[in-house]
Structures are given as C-alpha cells and as structure tokens.
Amino acid sequence: MGYFQFLFAKEHRMEILRITTVGIASILFWLHILPLSVLLVAIAFGVYSLIKTAVLELVREKKIGTELFISIAVIVGVLGKEYLAAAIVLMIILIAEYIASVNTEKTRASIQDLIGTIPTTITVYRNNKEITVKLESVRVGDIILARTGERLPVDGIIIKGTATINQAPITGESTPQEKKKDDTVYAGTIITTGAINIKVTKLVQDTVFARIIKLVEDAEQNKAPIEKLTDKVATYLIPIAFLFVIGIYWYTRDVKMVIAALIFMSPAELGLATPLVTISAVARAAKEGILIKGGLYLEELAKVDTFVFDKTGTLTTGMPNIQTVTSYDQNYTQNDVLSFAASADRRSSHPIAKSIVAYAAQKKIRLVEPTRFTVVHGRGARATVNGKNVLVGNKKFLTENNIEVSQNATRTTIFVAVNKRVIGAITINDTIRPEAKKAIEALRKSGVKHFVMLTGDNEESAQTVARAIGITEWKANLLPEEKIDYIKKLQKHGRIVAMVGDGINDAPALAQASIGLAMGAIGTQAAMEAADVVLVNDNLLKIARAKAISKRSYRTIKENVFVGVGVVHVIGITLVLLRIIGPVEAAAIHLVPDVAVLLNSVKLLRVNIQ
Ligand code: ADP
Ligand code: MG
C-alpha cells in the first residue's frame, strides 16, 4: 500500500478532522472572525482524544505518556488565557501523533510486504478432476497441483514431477533449489520452473511460513533491555519534570513558558524509539532467513563477544559421510555391524545416526525395530535389537559402560557393542561446512573476540575441525551438561556468550547462553522453539549477518534515544528558559526528533548492512 493510502485511510478520518478543526479555528480566531467560545469548543474536540489516551495509559499501563503532558499543557494554556498558543500547540502535536501512528502501521504492514503473502485459492485433485478451491477447504492429505510461477500456499511432499523452487521468501537463499519426488516443499516459496503434484502435510496456519510470520509479529513483545530502561527513565523523570514546571511557574508566572517547557518534558520519542527499530530489524532479518525473536535478543546479539559452536551438524554438515565399516569379530560381518548400528540408531535424530541409517538403506540392509531405545546425548544410543543389548556411540560411551575398547579412534569413530563386547566400528567423515572459515572471519570482523568449539566427539576430530577453520579454543569429549558448565564458566568471566547449535540435542546449551542460535531449523519445530535466533537454512554465514543486523539496530536505538531525544530535549528546554522560543516554536521543534526517529528506524528496512 502506498504512503498516501495510509495517510488518508478510513480509520484516520477522525484524526484528520481533529487536526483541521483545531487548525482552521486557530486561524479564524487569530483573524478575529471566530469568537473565543468556538475556539474553546474546537480545542476541547481536539484534546479529547489525547486526554482519553492519556487516562487509558495511566490507568491500564500505569504509564505517563506524551498525551498526558500535552493535555496538561493545553489545559494550562486555556486556564492561563493563552488560547491561541494552546490551540496551535495542540494542532502540531496532533499532527506529530498522526504521523507516528501512520508510520508504525506502515512499518508493520511492510513486514507482510517483505515476506509476501500466500495465495488464497489452490488447484486440487478431487475425483480425478482438477478443481480450483478456496484454501480453507483443503485438508491434510489432499493432492494439489502447482505450476511454474505459482506460490505455494501449504507445506507438502512432492509425489509427482520436478521443479526448481525459489525458497528465498523463507530461507533467504537466492539460488533456486531443485526439488523432486519425496522432497518437502514449503508454503511461501515460488516455483520458478516445472510442475509438481504435492501431497499436503501442513495446512495454512501450521506451515513453516506461518510460524515465521508469527515469530516476527510476536517479536515486539520481547522488549530490549534498553527499551525497558527508557520506560523506567521516563517514569522517574516525570515527577521531576512536573516539579520543575511548577517551579518555572512559581518564579516566572509565565504561562507560555510553562506550556513550552511541558512540551519538551514529555518523553514522546522514547516510547517510539525502540519498538520501531525492533520491528524494522526483525522484518529485515526475516527476509534473509534469520528469525530474531524480539528486541531483547537483538540487543543481546549486538553485545555478544564470545561465540560458542557445537561441532557435529553445526560446523560440520548435517549429513556426514560414512567412510568405513569394520568388523572386529569373526561372528559378525560388516553388514551385521551396520545393521546393528542402524537398527539401534533408527529412532535417533542425531545427524550421525541419520547418516548411518541412510547408509544402511543404501546398502539395502534390512533394519530391525529396536525395543527399549534410549538416546544418551553426547555419547550415542542404547537399544535392544533382536533381544540383544546394543550400544552405538563414541569410545567414551562404551568405556563408561565398562566395555573394553582396544582400538584407537582418530577420526570420528562410532563403535558398536553387542552384549557388552565390541563387534565393530564405523568411521565418519565429518565434513566441515565449506563456508565455516569465512563465517568465523566475518564474525571476527564484526567485533567478536572469542571463538570456542565444544564437542562430544573425540580430541583428534575436534582438533582437526577447529584448526581448519581458525578456532583456537576447543574442548572435546563433553557431555551436554559439561557444555553448559563451560558456557557458565565463560559467563562468570564476564563474557557475553552466544551459542550456535542444531537446536535439537543442544537445546540446554542454547538456553544457558545469553543468546542461542539454531541452525537449519526449517521444518523442525523443536529447534525453532528452543532458540532465540533461528536460522531457517543452515548457512553459517547467516550468523554473521544476524550479528551485523543486530549491531546496526542497536546503534540505531542508541542514536534515537540519546541524540534524537536527549539532545533535542536538553537544547529545547534551555532555549525555553532563555526565552528564545515560545510554545509554538517548541511544538514545531518537537516535530523534528519525532520525524527523525521514525525515519532513522524505518531506514533499517532498506539500508545496506555490512
Ligand atoms: P557435537 O557436540 O560435536 O555436536 P554430539 O555431542 O552430538 O557432538 O555427539 C558426540 C559424539 O557422540 C559423536 O561424535 C558420536 O561419536 C557420538 N554420538 C552421539 N550421538 C550418537 C548417535 N545417536 N549414534 C552414534 N553416535 C553418537
Ligand atoms: Mg551436536
């Protein structure tokens, strides 16, 4: 929607009417055409909405806002017989409030614009016929048809056809992805070429896209500390401000000066300075596939000086390669080793487990459904397979369970034990993500000083990965609890720690850190919930982007608060006391930070952030 449509939208008619009424009445009164009584009626009409808002805020939120200050200023003006000054001040403030509310609405609406909207109709197969229906009538399990150029309205799995799909609206990645049968496709993404039949798995409100929109909308509720601080400062300042104004009146008996002082005393932009930045920054990040769950995390991320990374699945790819399968026991073949491992790990969501299962499937090995399956985070899995007690995991896991392992593990090695004896091992090529080194460098450039890698894997693998990407501090063989302890230790030394993990088995560490970032969270609800910042796809460079965006927004907040509000108000009050400016000039000058703060915040939606 264009700016002017917003400016003159229906819901704003009343506000425009108030502004013009007060404005015209002031001019006519000044020209001696209008009697005082009519001007007073116009003022009453204009100030009514301000008083209403002021009282509501005071009663409901215990908050003293601009409206209260301006209402009092206008009442003081009328009582002090400075009718014209009161009317003009009122008009200017009404204009300021109006511009502010329009801009806030426009910013909110631009979130939708940025991410886009999904279509409301859809083509489905019903009784062997293609029909176009309203989105509401589609059910999970329906087969829908999507062709080139269309935007998908639901999440689903391709059952026929191939397509290249632009996933930018939800992942921020610009290169279209090739998708074929059995691949998952997401609402909000666009088919650039091809035609596919999709089986619906998630309806409108449950899609990843819908969750992204919801996260962005809710982001406003998690206030940044600086915002709470400005709220608090405003609360303290107010009684002082009133005493100050009473003092001015006591000494000068100058009503005009009192009105002018009241205008500069109001904490107007403080209230606006941060939320708008939050909305803009969160929307901006969402467009790049980075979901920041609120102003709180924006500020924390801006201040972070230490980044802690999980290794497996975070710094290394989510789908590691199986390198070798070895049997140590004559009674078992290689395939038996793989079969036990894959069966035991069948229900685990760990990236290594998924790789083993996928590898077994590729080798056409029949898997057994495990009974009594338990995951031991940071170690492996324990299961009963065909009545046998099976352990799959790292060396530590087996030795802790009193199973002797004489073999040495250099690279990432998964040992398989059956009934308390090691029968074989699987080595894993834990491939480092190609962008890992670049991502660390980018973070270093944006001011992060310390990098730590914490892993449950062995020392050798840890060292290889850390060295390859330029991390000098690492710790191997850690259990999830020990990762938490390590983060706590860093925090005790005054570090502000961000933890990057996969969000599934790292959830506790993500929670312990000042800010938790989950990677590649598309489709995994748990990860999306556990983290404060969610990277929709699993590109490590996005972490540096998130840091850059948050740093830039925090700077904007500080500019708004200290320069926009602080400086203008201090100078304003000084000028008022020196009798250089009166109430009308004060109201006009007051518009400057109002507008400046708005522009400065909304700018975040567009500027190039490095
Ligand atoms: P990281 O801290 O690097 O992400 P994890 O704590 O997830 O690693 O796992 C540490 C080690 O424990 C892995 O390198 C692997 O040897 C072993 N492990 C963990 N979970 C499993 C599993 N489900 N199957 C086999 N091995 C596992
Ligand atoms: Mg992990």
Side-chain angles (χ1 to χ4, degrees), residues 107 110-116 166-175 186 188-189 208-220 222 224 277-304 307 309 314-315 318 433 435-436 438-440 442-443 445-448 498-503 506 510 513-525 527-557 604-610:
T107 311
S110 61
I111 295 177
Q112 286 279 344
D113 278 357
L114 272 177
I115 306 174
N166 175 3
Q167 302 203 109
I170 60 171
T171 65
E173 63 196 351
S174 49
T175 32
Y186 300 99
T189 60
V208 174
F209 182 76
R211 291 214 297 267
I212 291 176
I213 301 261
K214 176 124 182 30
L215 275 181
V216 174
E217 283 172 353
D218 290 349
E220 247 182 292
N222 291 318
V277 175
T278 307
I279 305 172
S280 308
V282 167
R284 169 72 186 258
K287 200 188 174 200
E288 298 189 24
I290 303 162
L291 311 178
I292 301 173
K293 292 189 184 167
L296 172 60
Y297 309 111
L298 215 51
E299 184 174 337
E300 286 290 320
L301 189 54
K303 292 179 180 165
V304 161
F307 261 86
F309 290 90
T314 302
L315 289 173
R433 289 183 192 273
E435 77 282 8
K438 238 173 143 185
I440 303 278
L443 280 170
K445 260 203 208 117
S446 71
V448 180
M499 165 83 201
V500 187
D502 53 29
D506 295 317
L510 292 184
S514 304
I515 182 149
L517 296 95
M519 297 250 304
I522 195 168
T524 37
Q525 181 137 22
M528 279 180 105
E529 270 157 25
D532 307 317
V533 174
V534 175
L535 307 178
V536 178
N537 61 2
D538 51 8
N539 183 343
L540 283 167
L541 290 170
K542 295 282 180 186
I543 297 169
R545 288 298 298 154
K547 170 83 179 160
I549 291 173
S550 66
K551 235 176 103 177
R552 177 61 188 258
S553 341
Y554 189 50
R555 195 183 91 196
T556 306
I557 292 175
L604 276 179
L605 287 172
R606 275 168 227 114
V607 288
N608 185 15
I609 298 175
Q610 288 291 324

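None of these values were measured; they are calculated from a predicted model.
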Visitor: So which heavy atom on A281 is nearest to which on L298, and how close?
Guide: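 Here A281 and L298 meet closest at CB-CD2, 3.6 Å.
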
Visitor: Would you compute the distance between atom CG of L301 and atom CD1 of I549 and round it to the nearest 0.5 angstrom?
Guide: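 It comes to 9.5 Å.
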
Visitor: Return the set of residues passing side chain to side chain contact (heavy atoms under 4.5 Å, CB included) with A168 (not counting sequence neighbours), or none when no residue passes.
Guide: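 Here the qualifying residues are N166.
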
Visitor: Which heavy-atom pair separates S550 from A302 by the least distance, and what is that distance?
Guide: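 Nearest pair, atom of S550 first, then A302: OG-N, 3.4 Å.
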
Visitor: Checking side chain to side chain contact (heavy atoms under 4.5 Å, CB included) for the pair L604/R284: CA distance, chi angles, key distance, verdict?
Guide: CA-CA 7 Å; L604 276 179; R284 169 72 186 258; 5.8 Å; no

Visitor: Please list, chain by chain and in numerical order, all residues satisfying side chain to side chain contact (heavy atoms under 4.5 Å, CB included) with A498, sequence neighbours excluded.
Guide: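 Result, side chain to side chain contact (heavy atoms under 4.5 Å, CB included) vs A498: V304, F307, I515, L517.
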
Visitor: Check whether R433 reaches the backbone of T314 with its side chain - one donor and one acceptor, N or O, closer than 3.5 Å.
Guide: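 It does hold such a pair.
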
Visitor: Please lay out, stage by stage, how M519 and I543 fare under the test side chain to side chain contact (heavy atoms under 4.5 Å, CB included).
Guide: CA-CA 9 Å; M519 297 250 304; I543 297 169; 4.2 Å; yes

Visitor: Could you state the interatomic distance from CG (N537) to CD (Q167), rounded to the nearest 0.5 Å?
Guide: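 That separation rounds to 8.5 Å.
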
Visitor: So does L540 get a backbone contact from the side chain of E435, meaning a donor-acceptor N/O pair under 3.5 Å?
Guide: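 Side chain of E435 to backbone of L540: a pair is present.
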
Visitor: Mark yes or no for whether K547, through its side chain, and S446, through its backbone, hold a donor-acceptor pair below 3.5 Å.
Guide: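 A pair under 3.5 Å: no.
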
Visitor: Calculate, to the nearest 0.5 Å, the distance between atoms NZ and OG1 belonging to K551 and T556 respectively.
Guide: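 Separation between the atoms: 12.5 Å.
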
Visitor: Quick one: list whatever passes side-chain hydrogen bond (donor to acceptor under 3.5 Å, both in side chains) with K303, sequence neighbours left out.
Guide: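 Testing K303 for side-chain hydrogen bond (donor to acceptor under 3.5 Å, both in side chains), a comparison that skips the adjacent residues, returns E299.
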
Visitor: To the nearest 0.5 Å, tell me how far I292 CD1 sits from T278 OG1.
Guide: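 So the CD1 of I292 and the OG1 of T278 are separated by 10.0 Å.
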
Visitor: Using the test side chain to side chain contact (heavy atoms under 4.5 Å, CB included), find all partners of A544 that sit at least two apart in sequence or belong to another chain.
Guide: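 A544 satisfies side chain to side chain contact (heavy atoms under 4.5 Å, CB included) with A442, L443 only.
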
Visitor: Tell me, please, which residues at least two apart from R552 pass salt bridge (charged side-chain N to carboxylate O under 4.0 Å, His left out).
Guide: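 R552: no salt bridge (charged side-chain N to carboxylate O under 4.0 Å, His left out) contacts found.
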
Visitor: To check you understand the geometry: which heavy-atom pair defines the closest contact between G188 and F209, and what is its length?
Guide: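 For G188 versus F209, the nearest heavy atoms are CA-CD1, 3.9 Å.
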
Visitor: Minimum heavy-atom separation for K293 and A531, please, with both atom names.
Guide: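 It is NZ-O, 2.6 Å.
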
Visitor: Do L291 and V536 have side chains that get closer than 4.5 Å, going by heavy atoms?
Guide: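 Of all side-chain heavy-atom pairs linking V536 with L291, at least one is under 4.5 Å.
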
Visitor: Are any of the side-chain heavy atoms of I440 and F309 separated by less than 4.5 Å?
Guide: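 Yes, side chains in contact.
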
Visitor: Identify, with sequence neighbours excluded, every residue that meets side-chain hydrogen bond (donor to acceptor under 3.5 Å, both in side chains) alongside R545.
Guide: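 Applying side-chain hydrogen bond (donor to acceptor under 3.5 Å, both in side chains) to R545 gives E288.
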
Visitor: Who passes side-chain hydrogen bond (donor to acceptor under 3.5 Å, both in side chains) against S553, sequence neighbours left out?
Guide: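 side-chain hydrogen bond (donor to acceptor under 3.5 Å, both in side chains) list for S553, sorted by chain: empty.
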
